[in-house]
Amino acid sequence: MTITTLGQFIIEKQQDFPFAKGELSRLLRDIGIASKIISREVNKAGLTQILGEYGSVNVQGEDVKKLDIIGNETFIWALSKGGEVCAMASEENDDIILLDGEYSKHGKYVICIDPLDGSSNIDVNVSIGTIFSIYRRVTEPGTLATHEDVLQAGNKLVAAGYIVYGTSTMLVYSTGKGVNGFTLDPSIGEFCLSHPDIQTPKDGKVYSINEGNAAEFPTGINNYLNWVKETDKATSRPYSARYIGSMVADFHRNLLKGGVFIYPPTTKSPNGKLRLMFECIPMSFIAEQAGGISTTGTHRVLDVEPTEVHQRVPVIMGSANMVNKVLEFMK
Ligand code: AHG
Ligand code: MN
Ligand code: MN
């Protein structure tokens, strides 16, 4: 049996970038390490009843932290030490984090993270995830990074990916040359290449949307939702509704099996709920790299110019023919 670990794969792929000095490789490796730590913490989350509730003090006298805080601290810790990163933005932090260390100031890269996606699912033992994206800084290395380095459109991405903590832990990422998926083998503590060159199906039968908010959806979306429930053999309708409430897990299923994920504008939240920088851009990058489509309904998500770190956008993403069908109804 031959296996390719994430570490080996990253090194092999460095040759795709002739002028690469290895910084991106080290950064991806550090993301792999942070993911393994979070995976370990996620797997024992159910033990809080035994080991101590979040917010309490455990028997060792340490504060028991919420998993999203652990995830955030782990990523910041793992990525701020290597000197590759000059700034970070996290869904858990109001403002961007500027790294002013001797090495970090020279870092070429900027990282955005959603350290714990699907946090409402933690306490009920349902899949959750982590999302990351990597940009090249635009300001001069050696100086303190600025908002300009962070607020970049998705079409400037260097790499992006996610980790899904599901029946197994998987890391899926792209550096703009296709999408590859790695499954964590806990017995050797390594992510192993399990899903090389992922291509998402052009069609599917699954639609993922929080239909409970239908009264607040635009008419076009509701018309589409009526259409998916009609019976028509030729178009495999009715479709199946699947909605976990963890974007990473919903997206991952649709990526592999085909499907469309929708978080539309609502009357209460005209820009939807999901964050452009932390959720929509990185997942859109993966969707497109796998042959899918991602749009806000009016624009390609990767072309939206961010103006604020915590900006929200509506999103329709997944199998190309399915996304186009939703767009037809939205016209
Ligand atoms: P987070 O846990 O990072 O705040 O993200 C939750 C997000 C996303 O994962 C999911 O798709 C969406 O919220 C679900 O929202 P609704 O409960 O409104 O459907
Ligand atoms: Mn999230
Ligand atoms: Mn989150």
Side-chain angles (χ1 to χ4, degrees), residues 31 34-35 38-39 41-42 45 54 65-76 88-97 111-133 154 160-166 170 172 206-218 221-222 225 241-255 259-287 294 296 301 306 308-318 326:
I31 288 173
S35 310
I38 300 175
S39 181
E41 297 302 320
V42 166
Y54 296 129
K65 289 180 187 159
K66 267 184 149 2
L67 216 45
D68 16 23
I69 305 301
I70 295 177
N72 199 35
E73 287 178 356
T74 304
F75 258 86
I76 294 171
M88 295 179 67
S90 164
E91 198 201 60
E92 296 294 332
N93 295 70
D94 288 339
D95 207 352
I96 61 174
I97 305 161
I111 298 265
C112 295
I113 50 163
D114 178 355
L116 219 295
D117 175 67
S119 21
S120 67
N121 282 324
I122 297 172
D123 294 339
V124 288
N125 210 346
V126 172
S127 298
I128 50 181
T130 296
I131 310 173
F132 63 89
S133 44
Y162 61 84
I163 298 99
V164 55
Y165 312 99
M170 251 190 97
V172 174
V206 165
Y207 69 103
S208 312
I209 182 169
N210 188 342
E211 223 173 328
N213 296 326
E216 298 216 2
F217 290 164
I221 294 289
N222 277 324
L225 294 174
R242 293 283 184 275
Y243 192 76
I244 296 168
S246 294
M247 184 195 204
V248 169
D250 278 309
F251 177 92
H252 183 68
R253 179 201 53 242
N254 291 0
L255 180 77
V260 64
F261 176 90
I262 308 172
Y263 208 111
T266 60
T267 36
K268 249 187 249 142
S269 316
N271 293 318
K273 175 187 183 187
L274 300 177
R275 320 260 171 153
L276 176 65
M277 302 297 301
F278 305 115
E279 296 168 320
C280 298
I281 286 180
M283 298 312 249
S284 299
F285 184 72
I286 298 293
S294 181
T296 64
V301 171
E308 276 172 68
V309 183
H310 291 276
Q311 185 173 341
R312 297 166 200 262
V313 285
V315 70
I316 302 151
M317 52 164 56
V326 181

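In each ligand, atom 1 is the first atom listed, and ligand 1 is the first ligand listed. What you see below is based on every heavy atom in this structure, not just the backbone, and it leaves out hydrogens, waters and symmetry mates.
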What's the spacing between [X] [atom1] and [Y] [atom2] if we round to 0.5 Å?
{"X": "Glu41", "Y": "Ile122", "atom1": "CD", "atom2": "CD1", "result": "12.0 Å"}
{"X": "Asp68", "Y": "Asp114", "atom1": "CG", "atom2": "CG", "result": "9.0 Å"}
{"X": "Ser127", "Y": "Arg253", "atom1": "OG", "atom2": "CZ", "result": "10.0 Å"}
{"X": "Gln311", "Y": "Cys280", "atom1": "CD", "atom2": "SG", "result": "10.0 Å"}
{"X": "Ile281", "Y": "Ile286", "atom1": "CD1", "atom2": "CD1", "result": "13.0 Å"}
{"X": "Ser294", "Y": "Phe285", "atom1": "OG", "atom2": "CZ", "result": "12.5 Å"}

Which of the atoms of ligand 1 are close to [X], meaning less than 4.0 Å from one of its heavy atoms?
{"X": "Gly245", "answer": "9 (O), 10 (C), 14 (C)"}
{"X": "Met247", "answer": "8 (C), 9 (O), 10 (C), 11 (O)"}
{"X": "Tyr263", "answer": "15 (O), 16 (P), 18 (O), 19 (O)"}
{"X": "Ser246", "answer": "9 (O)"}
{"X": "Glu279", "answer": "3 (O), 5 (O)"}
{"X": "Asn210", "answer": "16 (P), 17 (O), 18 (O), 19 (O)"}
{"X": "Asp114", "answer": "3 (O)"}

Checklist entry - How many degrees, to 10°, between Asp117 OD1 and Glu279 OE2 as seen from the Mn ion (ligand 2)? => result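 Approximately 110° at the metal, rounded to tens of degrees.
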Non-hydrogen atoms of [X] versus ligand 1: any pair closer than 4.0 Å?
{"X": "Leu274", "value": "yes"}
{"X": "Phe278", "value": "no"}
{"X": "Arg275", "value": "no"}

Taking heavy atoms and a distance under 4.0 Å, where does [X] meet ligand 1: side chain, backbone, both or neither?
{"X": "Phe261", "result": "side chain"}
{"X": "Leu116", "result": "backbone"}
{"X": "Ser119", "result": "both"}

Specify the protein heavy atom at minimum distance from [atom]: its residue, its atom name, and the distance to 0.1 Å.
{"atom": "atom 1 (P) of ligand 1", "result": "Gly118 N, 3.7 Å"}
{"atom": "atom 19 (O) of ligand 1", "result": "Tyr243 OH, 2.5 Å"}
{"atom": "atom 15 (O) of ligand 1", "result": "Lys273 NZ, 2.9 Å"}

Next on the checklist: Rounding to 10°, state the angle centred on the Mn ion (ligand 3) that links OD1 in Asp114 with O in Leu116.
Outcome noted: 90°
Next on the checklist: Does ligand 1 come near enough to Ser120 that some N or O of the ligand is less than 3.5 Å from an N or O of the residue?
Outcome noted: no
Checklist entry - Can an N or O of Asn213 be found at a distance shorter than 3.5 Å from an N or O of ligand 1? => result no
Next on the checklist: Between Phe132 and Phe75 (judged by ring centroids, cut-off 6.0 Å), do the two rings come close enough to count as a pair?
Outcome noted: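 Ring centroids of Phe132 and Phe75 are no less than 6.0 Å from each other.
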Next on the checklist: Any N/O/S atom from Asp68 (main chain or side chain) under 2.8 Å of the Mn ion (ligand 3)?
Outcome noted: no
Checklist entry - Has Gly118 got an N/O/S atom less than 2.8 Å from the Mn ion (ligand 3)? => result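 It does not; every qualifying atom lies at 2.8 Å or beyond.
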If only atom types and distance count, is the side chain of [X] paired as donor or acceptor with the main-chain N or O of [Y] below 3.5 Å?
{"X": "Ser208", "Y": "Arg242", "value": "yes"}
{"X": "Asp117", "Y": "Val248", "value": "yes"}
{"X": "Ser35", "Y": "Ile31", "value": "yes"}

Next on the checklist: Apply side chain to side chain donor-acceptor pair (under 3.5 Å) to residues Tyr165 and Thr130 and explain how you reach the verdict.
Outcome noted: CA-CA 8 Å; Tyr165 312 99; Thr130 296; 2.6 Å; yes
Checklist entry - Just by distance, with hydrogens left out, do Thr266 and Asn213 show a side-chain donor and acceptor under 3.5 Å apart? => result no
Checklist entry - Closest N/O/S atom of Glu91 to the Mn ion (ligand 3), by atom name? => result OE1
Next on the checklist: Walk me through whether Phe278 and Ile131 qualify under side chain to side chain contact (heavy atoms under 4.5 Å, CB included).
Outcome noted: CA-CA 7 Å; Phe278 305 115; Ile131 310 173; over 6 Å; no
